[in-house]
Amino acid sequence: MTWETAHKETRDGFDIVLSVTPEDMPPDWDETEEERAETLQKIDDGTLAYFVARVEARVEGITLGTAYLGGCCYDSVAQFVKEGYYYVDMVEEAVEEARTVIAKLRTVLAKLTD
C-alpha cells in the first residue's frame, strides 16, 4: 500500500499530515444498480476520487497519533478536506491519541529517570 501526502497543516502544536491511498474495497452504498454502475464508472475514469484517508499527528517528524477512514468518495481529496466533516473528526482523533501517547511517555520516562 502506497500513501501519497495530500495535505499538511499545524494544529495545537502538532504537524497534521493527510495521506491517501486508493481504496481497494468496492463501494457498498445504498444505490440502485444504475447509480452504482455510474459511480463505479466515475471512479474508474477519475471523475471521482475513491480512497482511504490517513491522518497523522506528528511532533518533530514522529507520528504519535493516527486515524484512518476507508471508502472516501469525493470529487477530489481537496473537497474531503474542505467539507471537513470526516477530516476534522480524524484530526481530533489523531491529536487525542497523540496526547495520550505523550502522557504515557512522560510517565514511563519519569520512572526511568528515578
Exercise for the section: Mind checking the NZ-CG spacing from K104 to L109? Nearest 0.5 Å is all I need. Expected result: 14.0 Å
Practice task
Without swapping roles, check the side chain of T21 against the backbone of T2 for a donor-acceptor pair under 3.5 Å.
Solution key: yes
Handout entry: Sidechain-backbone polar pair: E23 side chain, G71 backbone, donor-acceptor under 3.5 Å
Key = yes
Exercise for the section: Compare all side-chain heavy atoms of D15 with those of K8 and state whether any distance is below 4.5 angstrom. Expected result: no
Handout entry: Donor-acceptor contact present, side-chain Y50 to main-chain L40, <3.5 Å
Key = no
Exercise for the section: Please say whether more than 12 non-hydrogen atoms of neighbouring residues, nucleotides or ligands are located less than 6.0 Å from CD in E4. Expected result: no
Handout entry: Neighbour count >12 (heavy atoms, 6.0 Å) for atom CD, E96
Key = no
Practice task
Would you check if the distance from the ring center of H7 to the ring center of Y87 is below 6.0 Å?
Solution key: yes
Handout entry: Connected via hydrophobic side-chain network under 4.5 Å: V20 and M1
Key = no
Problem - Heavy atoms of other groups near Y86 OH, more than 12 under 6.0 Å - result: no
Fill in the blank from the handout: When every non-hydrogen atom of A98 is compared with those of A57, the smallest separation belongs to CB-CB, 4.0 Å
Exercise for the section: Please report the shortest heavy-atom distance between A67 and E93, naming the atom on each side. Expected result: CB-CD, 3.7 Å
Practice task
Quick one: which residue pairs count as a salt bridge (Lys or Arg N to Asp or Glu O under 4.0 Å) with a foot in residues 39-52, not counting sequence neighbours?
Solution key: E38-K42
Practice task
Is it possible for you to say whether V88 and Y74 belong to one hydrophobic cluster, with membership spreading through side-chain heavy-atom contacts below 4.5 Å?
Solution key: no
Handout entry: Close side-chain approach of R99 to F14, heavy-atom, < 4.5 Å
Key = yes
Exercise for the section: Consider only side-chain heavy atoms of I, L, V, M, F, W and Y, link residues closer than 4.5 Å, and tell whether V55 and V101 are in one cluster. Expected result: yes
Practice task
Check step by step if side-chain contact (heavy atoms from CB on, under 4.5 Å) holds for L18 and T5.
Solution key: CA-CA 6 Å; L18 168 65; T5 300; over 6 Å; no
Problem - Short side-chain to backbone donor-acceptor contact, R36 and P27, under 3.5 Å - result: yes
Handout entry: Residue that, paired with E56, satisfies side-chain contact (heavy atoms from CB on, under 4.5 Å) out of L64, I62, T66
Key = T66
Exercise for the section: Find the distance between CG (L105) and OG1 (T100) and round it off to the nearest 0.5 Å. Expected result: 11.0 Å
Practice task
Find out if a path of hydrophobic residues (ILVMFWY) with successive side-chain heavy-atom gaps under 4.5 Å connects V81 to I16.
Solution key: yes
Exercise for the section: Treating Ile, Leu, Val, Met, Phe, Trp and Tyr as nodes and any side-chain heavy-atom pair under 4.5 angstrom as an edge, say whether L69 and V95 lie in one connected cluster. Expected result: yes
Practice task
Kindly indicate, with the supporting measurements, whether the criterion side-chain contact (heavy atoms from CB on, under 4.5 Å) is fulfilled by W3 and V17.
Solution key: CA-CA 11 Å; W3 293 93; V17 179; over 6 Å; no
